[in-house]
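Predicted, not measured: the structure shown is a model, and the values here were computed from it.
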Amino acid sequence: QVQLVESGGGLVQAGGSLRLSCAASGRMFSNYAMGWFRQAPGKVREFVAAISWNGGNTNYADSVKGRFTVSRDNAKNTMYLQMNSLNPEDTAVYYCAADRYGLATDEYGMDYWGKGTLVTVSS
């Protein structure tokens, strides 16, 4: 079993930055691809960013490409999402997820989910 806990969310003004963290516990963390998803108020959950088990490959949604950076530190069992140039459209609950067999880009393929952390961007 893998448990994921997100942190780092909060209120920020447009143009600002936040760094989210996803701390994982459980065996074989390094073998999982990891991803970030978000769900805005009244909308469905969508893919944000993903990183392979060894950090060698990353994927980003077009809406965040160039502004967000996903990384991981397997020694700390932690994945990060650095969010820059935030805008109100980024307001959402951000979820961390783990994918044992896939690329962590498809929410329906995720094996484990965190409970989310709220990011609110004011204009």
Side-chain angles (χ1 to χ4, degrees):
Q1 296 294 319
V2 175
Q3 295 182 346
L4 307 174
V5 180
E6 304 94 336
S7 63
L11 176 64
V12 64
Q13 291 187 327
S17 299
L18 283 174
R19 189 181 76 160
L20 305 183
S21 298
C22 172
S25 62
R27 294 188 297 119
M28 302 180 69
F29 168 79
S30 296
N31 293 331
Y32 287 76
M34 303 288 293
W36 290 98
F37 297 79
R38 68 186 182 186
Q39 186 169 22
K43 298 183 179 179
V44 299
R45 187 155 56 189
E46 64 178 357
F47 168 74
V48 176
I51 186 167
S52 61
W53 72 271
N54 62 358
N57 296 101
T58 57
N59 289 286
Y60 298 93
D62 289 341
S63 59
V64 306
K65 194 172 299 181
R67 299 188 297 122
F68 291 10
T69 302
V70 62
S71 61
R72 67 190 295 167
D73 185 343
N74 288 347
K76 297 181 178 180
N77 291 341
T78 302
M79 175 180 64
Y80 305 96
L81 184 67
Q82 179 65 47
M83 305 185 295
N84 298 326
S85 301
L86 287 163
N87 57 64
E89 289 70 36
D90 296 315
T91 295
V93 176
Y94 283 72
Y95 297 91
C96 170
D99 188 349
R100 177 65 179 86
Y101 302 105
L103 302 176
T105 59
D106 179 2
E107 71 170 290
Y108 301 105
M110 298 297 103
D111 296 296
Y112 302 98
W113 290 90
K115 294 182 178 180
T117 185
L118 177 63
V119 172
T120 302
V121 184
S122 62
S123 60

*Asks:* Spell out, as yes or no, whether a donor-acceptor pair under 3.5 Å connects the side chain of Arg72 to the backbone of Ser52.
*Replies:* yes
*Asks:* Okay, side chain of Thr91, backbone of Val121: is any donor-acceptor separation there less than 3.5 Å?
*Replies:* yes
*Asks:* Are Leu118 and Tyr95 joined in one hydrophobic group, where the rule is that I, L, V, M, F, W and Y side chains link up if heavy atoms are under 4.5 Å apart?
*Replies:* yes
*Asks:* For the backbone of Thr69 and the side chain of Tyr80, can you confirm whether one donor and one acceptor N or O come within less than 3.5 Å of each other?
*Replies:* no
*Asks:* Anything under 30° is parallel, anything over 60° is perpendicular, the rest tilted; go ahead and classify Tyr94 against Phe68.
*Replies:* tilted
*Asks:* Looking at Thr105 and Leu103, would you say the former's side chain and the latter's main chain have a donor-acceptor pair under 3.5 Å?
*Replies:* no
*Asks:* Identify the two heavy atoms, one from Leu18 and one from Leu86, that lie closest to each other, and give their separation to 0.1 Å.
*Replies:* N-CD1, 3.9 Å
*Asks:* With rounding to the nearest 0.5 Å, note down the distance linking CZ in Phe47 to CH2 in Trp36.
*Replies:* 12.5 Å
*Asks:* Group every Ile, Leu, Val, Met, Phe, Trp and Tyr by side-chain heavy-atom contacts under 4.5 Å, then state whether Val2 and Leu20 land in the same group.
*Replies:* yes
*Asks:* Atom CD of residue position Glu46 - does it have more than 12 heavy atoms of other residues, nucleotides or ligands inside 6.0 Å?
*Replies:* yes
*Asks:* Can you tell me if Glu6 uses its side chain to pair, donor with acceptor, with the backbone of Thr117 under 3.5 Å?
*Replies:* no
*Asks:* What residues form a salt bridge (Lys or Arg N to Asp or Glu O under 4.0 Å) with Glu107, not counting sequence neighbours?
*Replies:* Arg45
*Asks:* Holding to salt bridge (Lys or Arg N to Asp or Glu O under 4.0 Å), I want the full list of residues that pass it with Asp90, two or more places apart in sequence or in another chain.
*Replies:* Arg38, Arg67
